[in-house]
Amino acid sequence: MSINATFLGQLIFFAILIWFSWKFIWPPLMNAIEERQKRIAEGLAASERSKKALQESEAEAQAMLREARAKASEILEQAHQRARQIVEQAREEALAEAARQRAAAEAELEQAVHRARERLRQELAELVVLGAGRVLGREIDPMRHRELLAQLAGEFRA
Amino acid sequence: MSIGWLAAGETPAEYVGHHLKHLSVRIGEGPFWVVHLDSLLMSALIGLLGLGTFFFMARRATPGVPGKFQAFIELAVEFIDTQVKDVFHGDRRFVAPLALTIFVWVFLMNALKLLPLDLMPMIAHGLGAEYFRAVPTTDLNITLAMSSTVLLLMFAFAIKAKGAAGFGVELFTAPFHAHSPFVKLLLAPANFALNLIEYLSKPVSLAMRLFGNMYAGELVFILIALLAMAGGNLLALDGLGAKAGGLLAFLGAVLAGAAWSIFHILVITLQAFIFMILTVVYLSMVTEHH
C-alpha cells in the first residue's frame with residue numbers, strides 16, 4: 001500500500017473531470033432547470049391573472065345585469081304611467097266632448113224656445129190688435145200704436 | 001459479493017493476498033514510478049460512464065416537460081445544488097459541479113464493490129492479468145489524489161478570496177491573535193504550525209476515511225468469500241458431520257454476504273456524500289475571513 005504514480009494519474013483525471021462537469025455538464029442542466037422554473041412561475045402568474053380577470057368580468061356582468069333589470073323595470077313603470085295618462089286624457093276628452101254636446105243641445109233648445117216665444121208674442125200682439133180693433137170697431141193703426149203694442153208685448157213677456 | 005473462486009492449490013492466505021495486489025506497471029526507476037492500472041482503468045471507466053450519462057442528458061435537457069430520465073438527473077443535480085447552497089454561501093458555479101463530480105464519481109467507484117468479488121479478477125485473468133482490484137476507492141492513491149486536488153482547490157479559493165498576501169499573512173496571524181508586534185512575532189511560528197497541521201489534516205482525513213471504509217469493507221467481503229469456500233470444501237468431504245458443517249458454513253456465508261452488501265449500499269452512499277459535503281465545507285471555510 002504505497003503511494004506511487006497512480007496518484008498523479010488520478011490527480012490529472014480528477015482535474016479533467018471537474019473541468020468537464022464545470023464547463024459542459026452543470027451549466028446546461030442548471031439552465032434547463034432554471035428556465036423551467038421561470039416558465040412554471042410565469043404560468044402560475046398568468047393563471048392567477050386570468051382568474052382575477054375572470055372575477056372582474058363576472059362582477060362587471062353582474063353589474064350590467066342589475067342595471068339592465070333596473071332600466072327594464074323603469075321602462076315598464078313609465079309605460080304603465082303613460083297608459084294611465086292616455087286613459088285619463090281620453091276620459092277627460094270624452095267628458096269635455098259630452099259637456100260641449102250638451103251645451104250645444106241646450107243652446108239650441110233655448111233658441112228654439114226663444115223663437116217659439118217670439119212667434120207667440122208676435123201672434124199675440126196681432127191678436128190683441130185684432131181683438132182691440134174689433135172691440136173699438138175700427139182699425140187700429142199699428143204704426144200709430146206701436147209704442148203701446150210694444151209695451152203690451154213687454155208685459156206679456158214678463 | 002461472496003462468491004469465491006480459489007485457484008488450484010491456493011491457500012486462504014494466498015487468496016487474500018491475491019485479492020489485495022494491484023495490476024501494476026512499472027514506468028520508471030524507484031518505488032514511486034509504478035502505476036496501478038486496475039485502479040486507474042476502473043476509475044476512468046466508471047467516471048466516464050457516470051459523468052458521460054450526465055453529459056448525455058445535459059446535451060438533451062429541455063426546459064419543457066422533462067422525461068423520466070431527465071427528471072432523475074435533475075433530481076440528482078438539484079439535490080447536490082441544495083446541499084451546496086446550505087453550506088457554501090457564495091458563487092456556486094464552480095463548487096456545485098465540483099460537488100456533483102465528487103459525489104457521482106465516488107459513489108460509482110464505491111458501488112463497484114457490489115459486483116461479485118471475483119468477477120472482475122476472473123475477467124482480467126481471462127485476459128491474461130494475474131492481479132486485479134475492481135474497487136478504485138480501496139486504493140489509497142486514488143482517494144489521496146482526490147483529496148489532494150481538494151487541498152489545491154482550497155489554496156486556490158483562499159487566495160482568490162483574500163489575495164495571495166492576505167492568505168500568506170493569515171497563515172501566521174491566525175488563529176492566535178495579538179495586538180503588540182512583539183507578541184505577534186512570538187505567536188507566528190505557533191500559528192503557522194497550527195495552520196500547516198490544519199491544512200494537511202484535511203486531505204489526509206478525507207482520503208483515509210474513504211479508503212479505510214472501503215478497504216475494510218472489501219476485506220470483510222473477502223473473508224465472507226473464504227467462509228463460503230471453506231463450506232464448499234467441507235461439503236466435498238465424506239461423512240455426515242462434514243457435510244452438515246459445510247452446508248451451515250456456506251449458508252452462513254450467503255447470509256452474511258447479503259447482509260454486508262445491503263449494509264454497504266448505505267456505506268457507499270454515505271461515504272460519497274461525506275467526501276462531497278466535507279469538500280464543500282472546507283472550501284467554504286477557507287473563503288471566510290478569520
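Here the structure is a predicted model, which means the values were calculated and not measured. Each chain gets a letter, A, B and so on, in the order its sequence line appears, and its residues count up from 1.
- For the set B:Pro31, B:Ala96, B:Pro97, the count of heavy-atom pairs under 4.5 angstrom toward chain A peaks at B:Pro97.
- Side chains of B:Leu98 and A:Trp22 form no contact here, defined as non-hydrogen atoms less than 4.5 Å apart.
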A:Gln10/B:Ser39 under side-chain hydrogen bond (donor to acceptor under 3.5 Å, both in side chains): CA gap, chis, key distance, verdict = CA-CA 9 Å; A:Gln10 179 73 2; B:Ser39 297; over 6 Å; no
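- Of the two parts of A:Leu8, only the side chain, counted from C-beta on, holds a non-hydrogen atom closer than 4.5 Å to a non-hydrogen atom of chain B.
- Identified under the salt bridge (Lys or Arg N to Asp or Glu O under 4.0 Å) test for residues 34-43 of chain A, with sequence neighbours left out: A:Glu35-A:Arg39, A:Arg36-B:Glu74.
- The number of heavy atoms from other shown groups lying within 6.0 Å of CD (A:Gln122) does not exceed 12.
- Near-neighbour residues of residues 81-94 of chain B relative to chain A, defined by a heavy atom under 4.5 Å from a heavy atom of that chain, comprise B:Asp81, B:Arg93, B:Phe94.
- Ring to ring, A:Trp26 and B:Phe54 are not that close: their centroids are 6.0 angstrom or more apart.
- Crowding of B:Phe69 atom CZ: a count of heavy atoms from other residues, nucleotides or ligands under 6.0 Å exceeding 12.
- Only the side chain of B:Leu100 has a heavy atom closer than 4.5 Å to any heavy atom of chain A.
- In this structure a side-chain-to-backbone donor-acceptor pair under 3.5 Å is present from B:Asn141 to A:Asn4.
- Residue B:His36 comes nearest to A:Thr6 through the heavy atom pair N-OG1, 2.8 Å, listed as atom of the first residue, atom of the second, then distance.
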Step-by-step side chain to side chain contact (heavy atoms under 4.5 Å, CB included) determination, B:Ile102 to A:Phe14 = CA-CA 9 Å; B:Ile102 290 174; A:Phe14 187 37; 3.6 Å; yes
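- For chain A, the option among B:Ala44, B:Gly30, B:Gly28 with the highest count of heavy-atom pairs below 4.5 Å is B:Ala44.
- Only the side chain of B:Ile27 comes within less than 4.5 Å of a heavy atom in chain A; its backbone stays farther off.
- The neighbour count for A:Glu67 CD, taken as heavy atoms of other residues, nucleotides or ligands under 6.0 Å away, does not exceed 12.
- Within 6.0 Å of CD on A:Glu106 lie more than 12 heavy atoms contributed by other residues, nucleotides or ligands.
- Smallest separation of non-hydrogen atoms from B:Ala61 and A:Leu29: CB-CD2, 4.1 Å.
- Side-chain contact between B:Leu144 and A:Phe7 is present, with heavy atoms from C-beta onward closer than 4.5 Å.
- Distance check, rounded to the nearest 0.5 Å: CG of A:Asn31 to OG1 of B:Thr62 gives 12.5 Å.
- Proximity of A:Phe13 to B:Leu48: side-chain heavy atoms (C-beta onward) are separated by under 4.5 Å at one or more points.
- Atom CE of B:Met208 has 12 or fewer heavy atoms from other residues, nucleotides or ligands within 6.0 Å.
- Summarising the local packing, CD of A:Glu97 is surrounded by more than 12 heavy atoms from other residues, nucleotides or ligands at distances under 6.0 Å.
- Among the candidates B:Leu153, B:Ile73, B:Val95, B:Thr149, the residue making the largest number of heavy-atom pairs closer than 4.5 Å to chain A is B:Thr149.
- Taken from CG in B:Leu140 to CD1 in A:Ile3, the straight-line distance is 4.0 Å, to the nearest 0.5 Å.
- Checking B:Thr101 against A:Ser21 by side-chain atom types alone, a donor-acceptor pair falls below 3.5 Å.
- Comparing A:Ile18, A:Ile12, A:Ile25 by heavy-atom pairs within less than 4.5 Å of chain B, the highest count is held by A:Ile25.
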